[in-house]
Amino acid sequence: MTEMPTGPRHESTDLATVTYVHGAGPATDTSPAPAAPALSGTTETTGRAAVVESARRVLEGTVTQAPAAVEKVDIDLDAFDDRPLIPAWAKTGEGWAMYSGVLYRSRLRAYRRWVRRQRTDRGHAAQFKRGARRVQDWVTGFEGIQTQALAHQAHIAAKEARAAARAARYTPALMKNKKKAALLESDRTQTVAMQAVNAHKQAKNYRRKLRALRAGAAYGPPLAAISTGYLGAGALGATAGALATFAGGAFAGREVVVEETDWSADWRSLGDGDPMTAPMLDEVFRHAKVIGAEESLHMVKMPMVDARGAWSAVVDLPPGIPAKKAMRALSEIASALGVEDAQVSMTKTKGKGARSGRLEIYVAKDLPFTESAEAGPLLALEAATNFWGRIAIGPDVRGLPLSISVVERSGLVGGEPGAGKSASGNVILLAAALDPRVILWLADGKGGGDLEPFEHLCEWFEGDADPEAFYEMLKAAVADMKARYALLKKLGKRKVTEELANKYPLLRQKLLWVDELMFYTTDDEFGKKITKLLRNLVSRGRAAGIVTFCATQKPGSDVVDTSLRDLLSIRWALRCTTPEASDTILGKGAAAAGYSAKTIEPEMRGAGFLWAEGSNPVLVRADYYTDDQVELLLKRAYDLREAAGTLPDGPKTLADQLRDKGEADADVLAVLVDVFNAYDQEAKEEDATGEVDWLPGTVLVDALKAAGLDITPEKLARLVVREDSEKKKRTWQDSTSALNGYPLTAVLRAVQSKYGLTA
């Protein structure tokens, strides 16, 4: 190694400056350093000007650097003495100062760590406290438990002995056998009591001796150390003994005590954040009294968590226990799991491998349906919907979309005010409106305007909450149903299909939606008539392509007759205030089976149990559409119907309704009604008070022939039956003789009797 100079700490030599760190240089070697080689093999002066000049020449390229001749000198800067790994410079003042500084800093850091540790449970004071408690617990021991048990036994035995002695004392001597038995029982109980008291005394003595021995072993050495130190060295010795005692206590409590703060908290649940396991489910079903204390569940699918943070499992109940027993205990199971009732969903498995005792359990992480509803799928649909297919309702508790079919079905939607009936009904109404083939007949018993946006798409709309107007609507609907069946009979078909509906306009699918049915059915004058017509329409209209939905707050027997309510096959129960109200919608026994709309929380707006398909209701929340979104979808529905030519023309005249029947007699009556209307309009133009209520038969026959209907007066007389008073001849305009004719009342009577239509 090349020897380094030991002169000043900063020295300029040739082109380099050498700097030593304090204490890092050699301690004894002071030999001069050889001169650095000059450029081009020449020796330069050591002045600063020479160094700058040589550097300039190198930068200008006028000097070529030659290899330097370096003299190799082997000098060991770390000279060792006879002790290995200890350099000689470490013995100098600088070396000792460096070593002492490192040691001081390390000790200072250790002291600071010790001070910070004293405030934690690892501090010496905390250790001594734990040690003292452990020593005291050891001194106390467990003999006190046995002593207390013997004391209790002695107390009971003494009470029995006193009672037996009292009985023996007051038993009459004349009753020798009873007296003798009482004395024997008194002696026996006294003996037992004395034995119990002696055993208690022995246990107390034994406990006292053991505690004394352990106390002497635990507290004797510290007391001896403190006393001996005080006697030998006074206060200083006592302090040393106390410090030794403190050190011993800290050593005994060096391990942190880990214990339960609440010994009663031996049950953990899913709501506490614990994972669902097979043993947990066993305990849950035992606490819910679904299975016995010695029974357990068979895990078909082990508990697992999905992407939404919800737990699910498939279990088989023990033999002989059906799944419906567990479903009836939904509240108890939810309580044992530590969650809300609405978070737990239990259903019987379906499809292959289903069993009566096989159950699928789903537990949501949070209360379902409390987050903001996402946009419904109808907004993304650009084409028309198909009301003959499946209708998207909304997501279930797992977030999976649910759809149903309403073909040849009818439905009932119920729930308390504010539960979301109008918003839920929109999913069905909008799906029907976006199918241009569907005829809409809507009645709003609330009269609040919820159905008003659909009015321009309806062929019949009753929005004034008028029972009489709704009654007329139902009569027209029943007449339309009869006409549909008449056409089906001619076609040789039993029910309306999608192909028939597309081919025959009369058989187009019709949706009759009644909101707040209670207002109509409880009317004093028309309530029973409305119920009768609705029952007829629901029971017979399904095969004719008429779908009926009713919505009400509480469909009890006093609101909706059970004969009508039981015919409504689709049930949708939104939140209800009582389980009984839920049962009026879903059917008797649904709440007891675990399907109660009472368990739906108020913040779960729009959620309800839907029973449309399958053997059990399903908790679902309807897709929500804002007012602006409903307006947008209805505009799209209007465009679709306009393109398809199915926009309603407003209320149809009596003549148009007769022509829709597609029968020859209906066409004849339609022409007669038009002729009367034409002459009546002409009379009103001449005189505002003029009316035409009778026309000659010749005028009517001529009008029929002009319309292409060849009908004789005899056939007309058979079609329009007149009463005797109506056959009276009358004069007509400029005729000189009276003519036979037909009054308007006879024509309208024929229309009503044959087709059930009124003007």
Side-chain angles (χ1 to χ4, degrees), residues 375-394 401-411 413 422-444 450-461 477 480-481 484 487 495-515 537-538 541-551 569-570 572 610 612-613 622-625 629-650 652 660:
L378 294 179
L379 293 172
L381 185 66
E382 297 181 357
T385 59
N386 183 11
F387 206 62
W388 286 93
R390 301 189 68 83
I391 301 173
I393 298 297
L402 181 69
S403 62
I404 63 172
S405 174
V406 298
V407 178
E408 299 186 28
R409 306 289 297 277
S410 54
V413 182
S422 299
S424 301
N426 277 345
V427 298
I428 299 176
L429 288 172
L430 289 172
L434 289 169
D435 188 343
R437 303 169 298 176
V438 179
I439 302 172
L440 298 178
W441 284 28
L442 308 183
D444 189 0
D450 290 339
L451 300 180
E452 188 175 353
F454 295 86
E455 182 177 1
H456 63 290
L457 302 178
C458 299
E459 287 194 358
W460 200 308
F461 183 80
D480 178 61
M481 177 185 65
R484 288 168 177 255
L487 181 56
K495 61 182 180 180
V496 176
T497 61
E498 186 175 2
E499 292 75 16
L500 290 176
N502 294 335
K503 186 175 181 181
Y504 299 96
L506 179 62
L507 300 180
R508 288 166 53 197
Q509 209 171 17
K510 176 185 291 186
L511 173 63
L512 175 62
W513 184 276
V514 186
D515 197 4
L537 196 63
V538 171
R542 297 181 298 107
I546 301 176
V547 179
T548 305
F549 268 86
C550 302
S569 56
I570 298 176
W572 197 347
L610 177 62
E613 298 170 353
D623 293 324
Y624 178 70
Y625 298 95
Q629 293 170 346
V630 170
E631 184 179 353
L632 175 65
L633 292 175
L634 291 180
K635 183 179 183 304
R636 187 184 304 170
Y638 184 90
D639 296 338
L640 291 171
R641 290 174 180 265
E642 185 178 28
T646 57
L647 279 175
D649 300 327
K652 289 188 177 182
D660 290 341

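Remember, predicted model here, so these are calculated numbers, not experimental data. Just so you know, these numbers use all the heavy atoms, side chains as well, and skip hydrogens, waters and symmetry mates.
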Can you list the residues that meet the salt bridge (charged side-chain N to carboxylate O under 4.0 Å, His left out) rule with Arg390, with sequence neighbours excluded?
Glu613

If I take atom OG1 from residue Thr497 and atom CD from residue Gln509, how far apart are they, to the nearest 0.5 angstrom?
10.5 Å

Nearest-0.5 Å distance that lies between atom OH in Tyr625 and atom CG in Asn426:
9.0 Å

Can a donor-acceptor pair be found, under 3.5 Å and without considering hydrogens, that links the side chain of Asp450 to the backbone of Ser422?
no

Side-chain donor or acceptor of Arg409 paired with backbone N/O of Ala612 under 3.5 Å
yes

Flag the pair Asp444 / Glu452 as yes when at least one side-chain heavy-atom distance between them is below 4.5 Å, and no otherwise.
no

Residue set satisfying side-chain contact (heavy atoms from CB on, under 4.5 Å) with Ala644, at least two apart, ordered chain then number -> Pro436, Thr646

With sequence neighbours left out, the residues meeting side-chain contact (heavy atoms from CB on, under 4.5 Å) with Asp480 are Arg484, Leu506, Lys510, Ile546

Under the ring-ring contact (aromatic ring centres under 6.0 Å, His included) test, which residues partner Phe549, sequence neighbours left out?
Trp513

Tyr638 meets the ring-ring contact (aromatic ring centres under 6.0 Å, His included) criterion, sequence neighbours left out, with His456

Of all heavy-atom pairs linking Asp623 and Ala392, the shortest is OD2-O, 4.3 Å

Rounded distance [0.5 Å steps], CG in Asp435 versus CG in Asn386:
6.0 Å

Results of side-chain contact (heavy atoms from CB on, under 4.5 Å) for Leu381 - residues two or more places apart only
Leu378, Thr385

Heavy-atom closest pair (Phe387 atom, Leu511 atom, distance to 0.1 Å) is CZ-CD2, 4.4 Å

Quick one: side-chain contact (heavy atoms from CB on, under 4.5 Å) partners of Trp460, sequence neighbours excluded?
Trp441, Met473, Ala476

Among residues at least two apart in sequence or on other chains, which ones pass salt bridge (charged side-chain N to carboxylate O under 4.0 Å, His left out) with Glu498?
Arg437

Mind checking salt bridge (charged side-chain N to carboxylate O under 4.0 Å, His left out) for Glu408 and listing every partner two or more places apart, or none if nothing turns up?
Lys495

Does Val413 form a side chain to side chain contact (heavy atoms under 4.5 Å, CB included) with Ile570? I'd like the steps, not just the answer.
CA-CA 8 Å; Val413 182; Ile570 298 176; over 6 Å; no

Could you pull out the closest heavy-atom pair between Ala431 and Ile391, with the gap in Å?
CB-CG2, 3.8 Å

Between atom CG of Leu512 and atom CD1 of Ile439, what is the distance when rounded to the nearest 0.5 Å?
12.0 Å

Atom of Val427, atom of Ile393 and distance for their closest heavy-atom approach:
CG1-O, 3.9 Å

How many angstroms lie between CG in Leu429 and CG in Leu434, if you round to the nearest 0.5 Å?
11.0 Å

Between CG of Asn502 and CG of Leu507, what distance do you get to the nearest 0.5 Å?
10.5 Å

Where do Leu634 and Pro453 come nearest, in terms of heavy atoms and distance?
CD1-O, 3.2 Å

Given 3.5 Å as the limit, does a donor-acceptor pair link the side chain of Arg641 with the main chain of Pro648, or not?
no

Return yes if some donor-acceptor pair links the side-chain N/O of Arg542 with the main-chain N/O of Val407 below 3.5 Å, else return no.
no

Do you know which two heavy atoms are closest between Ala501 and Val496, and how far apart they sit?
CB-CG1, 4.2 Å

Side chain to side chain contact (heavy atoms under 4.5 Å, CB included) evaluation trace for Leu647 with Leu457
CA-CA 7 Å; Leu647 279 175; Leu457 302 178; 4.3 Å; yes

Pair listing, salt bridge (Lys or Arg N to Asp or Glu O under 4.0 Å) test, anchored in residues 380-389, at least two apart:
none

